[in-house]
Every structure is written in C-alpha cells, then in structure tokens.
Amino acid sequence: MLRLRELQLGFAAAVLDNIESDFDRHVRDAGLGGARRLRVYRNNAVLGLTGALEAVYPVARRVVGEGFFRYAAAQYIAYYPSRSGDLHVFGEHFPVFLQSFEPAAELAYLPDVARLEWAYHQVFHAASHPLLDLATLAQVPVERRETLRFQIHPAARLLESAFPILRIWQINQDDHTDDPSVDLSEGGVKLLIIRDENLDIEFRSLEDGEFSLLSTLAADGDFATACERAMTAQPTFDLPTCFGQHVLQGTLVAFY
Amino acid sequence: MTTKPVLSRLGPGSIPARAGIGLRAEHYDAVLEDRPPVGWLEVHSENYFGAGGKPLDYLERIRARYPLSLHGVGLSIGSTDPLNRQHLAKLKELIRRFEPALVSEHLSWSSVGGRYFNDLLPLPYTEEALDHMVARVAQVQDALGRQILIENPSSYLQYVESAIPEWEFLVELAERTGCGVLLDVNNIYVSACNHGFDATTYLQTVPRHIVREIHLAGFTVNRVDDGEILIDTHNQPVWPPVWALYRQAVQRFGRIPTLIEWDTDLPELTVLVDEAYRADAILEETHAQAA
C-alpha cells in the first residue's frame, strides 16, 4: 500500500504530467476503467488552467484563434505550472513563453500584446493608494529635490512596444465597431496603464519625455536622473507641468 | 493599509436557514440594482485575494446588504505538502474584513511538490489519509481562529487502497476536529451514480448536528464508451433526482442554509433566484410538515 504522499506524487505524474505509468492499478476499474477515470481529472485540470489563461489573455486568444490558443496553453501549463491555489496569479510567464514558442514566431507582436494584457490584469487587482501629500512635497528643501525617489501608484503600469499593441487591443474588444484594420508598421507605442476613480482602467499613450520620466522613477531612479533622461529623450518636454499633473492625478503617490 | 471591517447592518451574524446564491462577477451590478430577495450570498474566497480593485470594492458594497459565506477552492487541505501559509494569511485577512458567517473548504487536495492543479483531486479513504486530514483541518481552524466547514467532493474514481466509505470518513473528520460539514447534495448524487453506492446511506450516516450548509448544483452527463460518468460542472439547473435527494436531506437535517451553485455558463440572475425560490419552497414545506 502506498503512503499518501507517494500516491499524490504518482497521481500528479500520471494524470497531470501524462507520464507513462501503471498508476491506474491504484484505481478501481468499476466498468469504466482506471485510465479513463484518471483522464477525467486530467481534462478538468487542463480545462480549468486554460480557462484561467483565456480570462487573462482574451485578445491573444482572439488573435490566434481558440484551437491554437488551447494548444499553446497546454504547452504553457506543462512548462510553467501553477504555483498557487489562487488562479488569478497564474499566467504571469505567458508573454515570455510566447516569445520562444516556435509555432507563434510569425506573430512578432503577440508577446507584447500578451504583456499588455498581463499589465491590465495586474492593474485590475492592484491596491488603491491615497494621493501624495502636496504640502509635504512643497516643504522639501530645493537642494534635496534632486535626490528624491517616487513611488508609482500600485495600480499603474508602464509598457513600451515596437508594435501598435494598443490599437491591436482596441480592435479586439467586444464593443469595437469601427475599422478593424491595423497597420503593423504604423509604429510602436509607450503606454501608461492606470485606474480612474471608478476603478475603470485606461490606457494613455505617452510621449517620449513623459514615458522616460515615469519609467525612470518607477525603476527607483532619483528625480535628477529621471529629469535628465526625460529631457534627453524629448528636449521639448514640458517637465514641470507633466510632473505636477502626475502628482495631482495620483500616478506618483509617495516620495522618500 | 488595513481596511476596516465592512459596516454591515447585519453584523457578523449568522446565515439564515434559507436559500442563497453564489455571487459571480457577471452579476455584481444586477445584485446591487435588483436586490434579489435571497437569504445570503457565497463567493469563492480566492477571487478576493487581490490587493484591491473592483472585485473587493463590489464585495464591500454587496456585503453591506447580505450575509456572506466564503467558499475556498484552493487551500489544498489534503495535500501532503505543508499548508500554504500565504494562502491562509490571505484567507484570514478576508475573514477579518468581510466577517462571513460561514467559511468552507473541500475534502480534497489540489497540489503536491509545490505545483498546483487548481482542481479538486481525490483522496484515498484510508486511516493515514484521515489522520492527515484531521491534523490539517485542526491546523487551519487554529490559524483562522474559527470553525470551517468541509465539503464532500464529487468523485470520478475510487482508489483500490480506500478502506473507509466516504461518508464515514467525513463524519469521523468532523467528530475529531469539530469542523462542520457542507453537504453537497449534488456531489452525493454524482458520486453515488459514478460508484454505485446508495445516496440515501450517505444522508443517513451523517449526524444532523454537523451539517451547517447544503450545496445544490447542476451536473453534466458524459457518455463514455458504453457507459456514462456524471461530471460536477456547476453550469446548469439542478436535476430532478437531486431535488428529490435534497427533499430527503431537508427531512432528515431540518432547515439548513442552502446554496444554489452555478459557476460557468452563467444565466441571468433571475434564473439563480428562481432556483433559490425552489429550494426555499422545499425548506418551507418540510418545516410546515414537521410543525
């Protein structure tokens, strides 16, 4: 008789890894047969995990079609198994997986579309945060301001791509009725994904200066470095106004 | 940032002995606008493990109107891996914030070697497995500081090693840990059909005082070769033989809070409410007969 742990490991290998074994000798046939009964669990598990990926990556699914998506999902599940009982954290590595997934190699934009969808998913479930205290910020001595670091709102993400991924996302929404065409050579995009006061998610296409400023701060760069990079990226960038807006709107929520 | 417990008119009080429905994201707005006259609502705990955003915001607003039950699917209590402390901590925080009257999990395992299958996998019904489940349920109740309910699973296989009938295993677990039983009448029916045991035996073995919640749901029949297997899919109305078994259960256990469980292929909210009415009618009738 197998100890419980060995039984569970054996079940996992046989049923979920699909490894050839005689595990079905532990299962009562009862007409249907042990192997067939074990397959019910395999199907349920794959279905459930695939469903979780479909829920997070509906645009990627629409782009490649249901059949291909299921095939990709089955491979993903084998390479990047779920590590949590919370299905909402499953699928984080799907963009990276797609990057090296040979059958999808032609769709060069696909990994970035998936990155956008994962970022959207993170923003959807992220914490709220009170606005930055302007009065306290104003009191920071001038000589200290350069060294300040800023915390980005937990429900904000920055993303850039060489592909028009925002347009691809938009035309693949259920309620999109306009022209569904996209020109893949129309150029890339720099995005801020953020929540409004109603917790609805919006995408903002940013100019180079603004993107540099925010992404440097998000990467824990100090204010001086962020400003330098922003002005280098876009000499015409109105940094003071833009910075002020992001403080007021709550993109930047704390400083230290 | 610690959120205050939701200010509910109802307080942390108990779930009424009436029918309730599962609260799904697709119905958030309808529940707030229509205020369906159901006794209570149940959610999957893991759907509220995020740090913020719409799910928690909606749950807070809805919790102010309805008693709540938290039903977990991912704690993997029966796994031989150590209990997932992070998962427990999130569940504990959810309990603190939303003050559910009932908290439940499954007689099942869903992970081993750190890998999760996010599905309810079958335990062998052996003395070793029973001792293990007893120890785990005790740990969970200790960590949460409260009683949990354990739900009987739907099963598609029986292990050669199993020596204890499932109903006896579940009762023994409850008696040794003080946990309650969430009796899923649909799962009893599905498992009874799949394994050829008598559903009535299940009902009659479980003592009245440990059943604190009942689940009702729909199943799907899968034709396989020259046989069939029932799968607990939670995607359709409750089947007539399950209503009949529920009637028996109410006659035996009395008025128990009953949940209509519908997780996928969701219909309009009114369909769930209609199923709840049907359960309420059976609760009423049986109570009237007993009076």
Side-chain angles (χ1 to χ4, degrees), chain A residues 1-13 15-17 24-34 36-49 51-52 77 81-90 122-130 154-155 195 198-201, chain B residues 1 44-47 49-58 72-76 78-81 84 86-87 90 109-124 126 128-129 132 155-162 194-196 222 224-229 231-233 264:
Chain A
M1 183 170 311
L2 268 193
R3 305 281 301 180
L4 181 61
R5 182 159 187 82
E6 284 154 14
L7 198 77
Q8 291 181 343
L9 288 168
F11 187 103
V15 174
L16 301 146
D17 293 335
D24 57 348
R25 70 188 167 87
H26 294 288
V27 177
R28 292 183 199 171
D29 254 23
L32 214 52
R36 185 65 190 79
R37 292 179 178 282
L38 289 167
R39 205 150 58 242
V40 172
Y41 288 98
R42 175 170 175 74
N43 292 341
N44 282 351
V46 171
L47 208 66
L49 290 167
I77 290 162
S82 168
R83 296 263 166 215
S84 170
D86 174 7
L87 264 180
H88 296 288
V89 306
F90 178 66
Q122 289 188 302
V123 169
F124 186 83
H125 289 287
S128 293
H129 201 289
R195 267 185 348 212
N198 295 322
L199 304 175
D200 291 317
I201 299 175
Chain B
M1 188 169 64
H44 283 183
S45 313
E46 292 80 10
N47 285 344
F49 275 15
K54 282 189 174 180
L56 286 162
D57 185 67
Y58 269 114
V73 300
L75 186 50
S76 193
S79 170
T80 50
D81 281 1
N84 188 322
Q86 198 186 34
H87 192 116
K90 290 196 171 177
W109 61 287
S110 58
S111 63
V112 69
R115 282 196 311 162
Y116 280 77
F117 305 106
N118 302 94
D119 188 31
L120 301 171
L121 305 177
L123 286 164
T126 60
E128 185 204 2
H132 179 68
S155 75
Y156 314 112
L157 65 80
Q158 289 179 316
Y159 291 98
V160 165
E161 290 83 356
S162 289
N194 287 344
H195 304 309
N222 276 16
V224 186
D225 303 326
D226 52 356
E228 67 180 32
I229 193 165
I231 311 285
D232 178 34
T233 45
T264 55

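Chain A is the first sequence line, chain B the second, and so forth, proteins listed ahead of strands; every chain is numbered from 1.
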Quick check on [X] against chain B: is it the side chain, the backbone, both or neither that has a heavy atom closer than 4.5 Å?
X         : value
Ala126(A) : backbone
Val40(A)  : side chain
Asp24(A)  : neither
Arg195(A) : side chain

Tell me, out of [options], who's got the most heavy-atom pairs with chain A below 4.5 Å.
options                                  : answer
His195(B), His132(B), Arg115(B)          : Arg115(B)
Gly114(B), Ala129(B), Gly50(B)           : Gly114(B)
Leu123(B), Asp57(B), Val112(B)           : Val112(B)
Asp81(B), Thr233(B), Leu56(B), Leu120(B) : Asp81(B)

Worksheet item: Centroid-to-centroid, Phe49(B) to His87(B), below 6.0 Å?
Response: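 Ring-ring flag for Phe49(B)/His87(B): true, centres closer than 6.0 Å.
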Practice prompt. Determine whether the aromatic ring centres of Phe117(B) and Tyr41(A) lie less than 6.0 Å apart.
Written response: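 No, the ring of Phe117(B) stays outside the 6.0 Å limit from the ring of Tyr41(A), centre to centre.
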Tell me which of these, [options], has more heavy-atom pairs under 4.5 Å with chain B than the rest.
options                               : result
Pro81(A), Ser84(A), Ala12(A)          : Ser84(A)
Ile77(A), Leu49(A), Leu199(A)         : Leu199(A)
Arg5(A), His125(A), Gln8(A), Arg28(A) : Gln8(A)

Worksheet item: Hey, is CD on Gln86(B) packed in by over 12 heavy atoms from elsewhere, all under 6.0 Å?
Response: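 Open: at most 12 neighbouring heavy atoms sit under 6.0 Å from CD of Gln86(B).
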Discussion item. Quick check on Ser162(B) against chain A: is it the side chain, the backbone, both or neither that has a heavy atom closer than 4.5 Å?
Written reply: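 For Ser162(B), backbone and side chain are both near chain A.
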Fill in: Per-residue contact mode, Leu157(B) against chain A (heavy atom under 4.5 angstrom)
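Both backbone and side chain.
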Okay, side chain of [X], backbone of [Y]: is any donor-acceptor separation there less than 3.5 Å?
X         : Y         : result
Asn222(B) : Ile229(B) : no
Asn194(B) : Tyr156(B) : no
Asp29(A)  : Gly31(A)  : no
Glu46(B)  : Val73(B)  : yes

Worksheet entry | Minimum heavy-atom distance Pro122(B)-Trp109(B), with the two atoms named |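 Heavy atoms of Pro122(B) and Trp109(B) come nearest at O-NE1, 2.7 Å.
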